[in-house]
Amino acid sequence: MNPFVDDIVEILSTAAQLPATDVAELLAIPPDDSLGDYALPCFTLAKVLRKNPAQIAQDIADAAGPAIDGSTRLAAVQAAGPYVNVRLEKAAFIGWVLAAIGEQGESFGSQNQGAGRTVTIDFSSPNLARPFSIAHLRSTAIGHAIYRIHEFLGYRCVGINHYGDYGANFGQLLAAYQMWGDEQKVAADPVPELLALYVRFNDEVEKDPDLREESRSRLRRLADGDEEMVSLWRFFVDAGRKEAERIYGILGVHFDEYKGEGDFADDFDSVIGLFHEKGLAEESDGALIVRLKDEEGEEGAPCMLRTSNGTSTYHSRDIAALLYRKREHAFDKMVYVTDNRQALHFRQVFQTLSLAGIEWIDRCEHAPFGMMSFKGQALSTRKGRMVILEDVLDQAINLTREIIAEKNPDLKDADDVARQIGISAVVYADVSNRRTRDISFSLEEVLNFDGETGPYLQYTHARYCSILRRYGTAVDGEADPSRLGEPAEMRVARALGSFPGVLARAERENEPSYVATFLIDLATQANKLYNEVPVLIAEDPAVKAARIRLVDAVRGVLRTGMTLLGMSCPEEM
RNA sequence: GCCCCCGUAGCUCAGUCGGAUAGAGCAACAGAUUCCUAAUCUGUGGGUCGCAGGUUCAAGUCCUGUCGGGGGUACCA
C-alpha cells in the first residue's frame, strides 16, 4: 500500500538476510525526524546472530547502502547505535501523497473496507422523560462520528435511535403531571414544564416514599391500556421526540430508524420461546431467567427475560430489538454506543444469545464511553443538577459572535459562521477524548478557543481556504512536487499520508478520538508550514504551484476529517 | 465480596505491535504582525507515568498484587 515502506522492507530484509515479514513487523518510526523517517531496531537480531546490536545495525546499513543509492524513493540509510535509520526521498514521498490525494479526491482516506457490508449503530437513544443534557451529547456525538466514519469507509449505515419511552421515569411523569401539573402551561411549553414536574416528583418522593405507589399504579394502568394513561404517555413521548429531533437538527445528526423501547415490550414472547426451545430458560423466584457463567465457570448475574409480574425486562426488550435489527437490516456489524454502566448488560445479552447458538452475535460490539461529571459531581437530572445542552451551545455561539465582532467584523454571514463554530467547538470537546475516559465537563474549557480545540481546526482550514482564494487561479493538479522537500512540507505530507491508517484504526476500535488527534496533528503541522515557508509570496512560480497543491490537499483532508467528526468547516471566520 | 473503566506536568489530555531523550494544549512568563486571517507561531519553566513486585536486551505500554477515583452487581433503564 505504501511503496516507500515496501522498498525499505525489501532492501533491509535482503541486506539483513531476514524474511520480509519480520522486517515489516519490526519497522518503527524514529522519535525525531532528524534521525530518519523509518527505523529498524536490531535488538531481537542480536540474540540470533550473537552479535552486538550496534554492530548488526552497522552491517545492515553497509549492506543496504548500494540498493538505497540506486533507489528513487529512499535517500539514505545510516546506523545509529542499535538502529538502522532510513531517510525517504522527500520530494518523492510528498509527490506520492499528493498523487494519491489527487486521484482519490474527497474519498482519500477510505480504503473502501466496508464495501458490501452493513453496520447498524445504536446511538443517542435518549430517555424522553428527561431533558436533553450535555451528558446526552456523548452518545450522540460519538455515535454520529462512528456512523460517519463507517459511511466514509464504504459501509451501508443504519443509525438507530432506540429512545427510552418505557419504564419508571414515565410513571413518575404521569403521577407528577396528574398531581401538580398545569395542563395549559404544559401544553404551551412542554419541555421545561415536564422537567420541573420530573424534578419535583423525585424531590418529594425522598420525603414521602408512598408517592412511589402513585407512579407504579399509573404504570400498571398504562400497561393495561388505560386510555387516559396511554394518551398522556403518548403526549409526553411526542413532546420528547420533537425536542430531541430539534436538537439533532441543530447538531446535524440524522437517524435512519426511530424505535422506542416500548416497541419491543409486547413482542418478547418470541424471545422467551427461543430460550424455552433451547432449554435455557428457567423459573426462579417467579421470574424467568437464563443462568450465565463467567470465564472461570462461576455463576454471575443471570439474564432476566421476564419479571415475576410477567412484564418484559431491559434484557428481553434489547434481545427482541437485536433480533429485529438482524432480520430487518441483515447487519454485518452492530455497534451499541452507550455509557460504561451498561457494559455488564451487553455482556449478558451477548452471552445469552451465544448460548442460544446465535453465531452472528460475535459481530455485535459495545462501544462504551465514560461518565461525564460536572464540578466534581455526577450529573443528575433527578436532583436537578444538570447542564442543558442547548444552553451550552447558545453560550458557545454567543461567545463566537463576540470574537468575530472583534477579530473579523466584516465577515459576511457572521451569524451563520458563529453557529458553525460554536456548535463544532462543543462537539469537538466531546469527541476528542478517548471514549472510555470519564470526562469532567468544564464550560470554561469548552469556551476556550485557543490551542487544541474545534475552532483551531476550523481556523487552520479557513486560512488554507484563504490562501487558495487569494491564489486566484485554479489549483494545478499536475504541479511538479519535485521542488518540495522542506522539513515543514515533509511533516505535513507525513501527516496527510497517515490518514487512511488512522481511519482504519478508528473504525476497528470504534474510536472517533483517533480522528480528532490526527486532525490536531495535521493542523499543527499545517500552521507551522505557513509560518515557516512562504506560499503566495514564494519567489519561484514552480515552487509556488507545488506548494499550492500541498495547501489544497491539507484543506481537503481537514475538511473530510472534521466532517467525519460532525463538525462544520466554514471557509472564512 | 466479585466484575468493568480510569490513574501520565498545577489543570485537561496524547502516547499503534513493548523500542532511541515520556509529548501536546491550557494556565504563567518572554517574544514574533510593512508579508498568505495573531482563534496563529517561537521560546522558558514545569514529571517518582498512583505504588510494589515480575517478564524482557528494552516497560507509561505486558503479567501479578496493592492503593485511590468512578460505575456495575436478577425484578430501574
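Residue numbering restarts at 1 for every chain, and letters A, B, ... go by the order of the sequence lines.
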Just distance, no hydrogens or angles: give the donor-acceptor pairs under 3.5 Å from side chains in residues 402-423 of chain A, sequence neighbours left out.
from, atom 1, to, atom 2, distance (Å)
A/Asn408, ND2, A/Met573, O, 2.6
A/Lys412, NZ, A/Glu572, OE2, 3.2
A/Asp415, OD1, A/Arg401, NE, 2.7

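- Across all strands, A/Pro53 comes closer than 4.0 Å to no nucleic acid atom at all (heavy-atom distances).
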What do the steps show when you test A/Asp438 against A/Ser373 for side chain to side chain contact (heavy atoms under 4.5 Å, CB included), and what is the final call? CA-CA 8 Å; A/Asp438 289 343; A/Ser373 62; over 6 Å; no
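- To the nearest whole angstrom, the two C1' atoms, one in B/C75 and one in B/G15, are 45 Å apart.
- At a threshold of 4.0 Å, the pair A/Asp37-A/Arg494 counts as salt-bridged, since one of the basic side-chain nitrogens sits closer than that to a carboxylate oxygen.
- Of the listed nucleotides (B/A20, B/C36, B/G69), B/C36 has the atom at the smallest distance from the side chain of A/Arg463.
- Using a 4.0 Å cut-off between a side-chain N of Lys or Arg and a carboxylate O of Asp or Glu, A/Asp552 and A/Arg549 do not qualify as a salt bridge.
- Nucleic acid contact for A/Val502: none, since no nucleic acid atom lies under 4.0 Å from a heavy atom of the residue.
- Listed pair A/Arg435 / B/C5 fails the phosphate criterion, with no side-chain N or O lying under 4.0 Å from OP1 or OP2.
- Pairs passing the salt bridge (charged side-chain N to carboxylate O under 4.0 Å, His left out) check and including a residue from residues 511-525 of chain A, sequence neighbours excluded, read A/Arg434-A/Glu511.
- Contacts of A/Glu532 with the nucleic acid, taken as non-hydrogen atoms under 4.0 Å apart, are absent.
- Heavy atoms of A/Tyr456 sit under 4.0 angstrom from primed sugar atoms or phosphate atoms, though from no base atom.
- Electrostatic pairing of A/Lys51 and A/Asp59 counts as a salt bridge here, judged by a charged N lying under 4.0 Å from a carboxylate O.
- Here A/Ser498 pairs with nothing under the side chain to side chain donor-acceptor pair (under 3.5 Å) rule; sequence neighbours left out.
- In this structure, the CG atom of A/Asn202 is 14 Å from the C1' atom of B/A77, given to the nearest Å.
- At the heavy-atom level, A/Ala28 lies nowhere under 4.0 Å from the strands shown.
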Produce the list of close N/O pairs, under 3.5 Å, pairing protein atoms with atoms of nucleotides 28-35 of chain B; give distances to one decimal.
none

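- Remark: ring of A/Tyr83 stacked against base of B/A20; centroid gap under 5.5 Å, plane tilt under 30°.
- Applying the side-chain hydrogen bond (donor to acceptor under 3.5 Å, both in side chains) test to pairs two or more places apart or on separate chains, those with a residue in residues 499-508 of chain A are A/Tyr155-A/Glu507, A/Lys333-A/Glu507.
- Listed by first and then second residue, the ring pair (Phe, Tyr, Trp, His ring centres under 6.0 Å) pairs involving residues 403-433 of chain A amount to none (not counting sequence neighbours).
- The CD atom of A/Glu406 sits 13 Å away from the P atom of B/U40 (whole-angstrom rounding).
- On the C1' atoms, B/C29 is 38 Å away from B/G18, given to the nearest whole Å.
- A/Lys407 comes within 4.0 angstrom of a nucleotide base, judged by non-hydrogen atoms across all strands.
- If you check distances only, the side chain of A/Arg505 does reach the base of B/U16 with a donor-acceptor pair under 3.5 Å.
- At the heavy-atom level, A/Asn85 lies under 4.0 Å from base atoms of the strands shown.
- A search for side chain to side chain donor-acceptor pair (under 3.5 Å) contacts involving A/Thr352 returns nothing, not counting sequence neighbours.
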Paired and unpaired positions of RNA chain B as dot-bracket, Watson-Crick or G-U wobble under 3.5 Å, | denoting a partner strand: (((((((..((((.....[...)))).(((((.......))))).....(((((..]....))))))))))))....
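- Ranking B/A39, B/G7, B/C41 by closeness to the A/Arg437 side chain, first place goes to B/G7.
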Give me the distances for all protein-to-nucleotides 73-75 of chain B N/O pairs that come in under 3.5 Å?
from, atom 1, to, atom 2, distance (Å)
B/A74, N1, A/Ser284, OG, 2.9
B/C75, O2, A/Ser308, N, 2.7
B/C75, O2, A/Ser308, OG, 3.1
B/C75, N3, A/Ser308, OG, 3.1
B/C75, N4, A/Asp285, O, 3.1

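- In this structure, of B/C3, B/U40, B/G70, it is B/C3 that holds the atom nearest to the side chain of A/Arg347.
- In this structure, A/Ser466 reaches the B/U37 phosphate: one of its side-chain N or O atoms is under 4.0 Å from OP1 or OP2.
- Backbone-only contact: A/Tyr514 has heavy atoms under 4.0 Å from sugar-phosphate atoms and none from a base.
- Note on A/Glu572: a base of the nucleic acid sits closer than 4.0 angstrom, heavy atoms only.
- Taking only side-chain atoms of A/Asn340, from C-beta outward, the nucleotide of B/C5, B/A20, B/C36 with the closest atom is B/C5.
- Residue pairs meeting the ring pair (Phe, Tyr, Trp, His ring centres under 6.0 Å) criterion with at least one member in residues 35-59 of chain A, sequence neighbours excluded: A/Phe43-A/Tyr83.
- Taking the ring centroids of A/Phe346 and A/Tyr336, they lie under the 6.0 Å cut-off.
- Counting distance only, with no hydrogens placed and no angle test, the side-chain atoms of A/Asp318 and the base atoms of B/A77 include no donor-acceptor pair under 3.5 Å.
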Between N or O atoms, less than 3.5 Å apart, protein on one side and nucleotides 57-59 of chain B on the other: list the pairs.
from, atom 1, to, atom 2, distance (Å)
B/C57, OP1, A/Lys47, NZ, 2.7

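- Looking only at atom types and distance, the side chain of A/Ser432 has no donor-acceptor partner in the side chain of A/Glu452 under 3.5 Å away.
- With both ends at atom C1', the span from B/A27 to B/G46 equals 12 Å, rounded to whole Å.
- Nucleic acid contact class of A/Thr436 (heavy atoms, under 4.0 Å, all strands): sugar-phosphate only.
- One can place NZ of A/Lys528 at 12 Å from C1' of B/G25, the figure rounded to the nearest angstrom.
- Applying the side chain to side chain donor-acceptor pair (under 3.5 Å) rule to A/Tyr459 yields the partners A/Arg463; only residues at least two apart in sequence or on another chain are considered.
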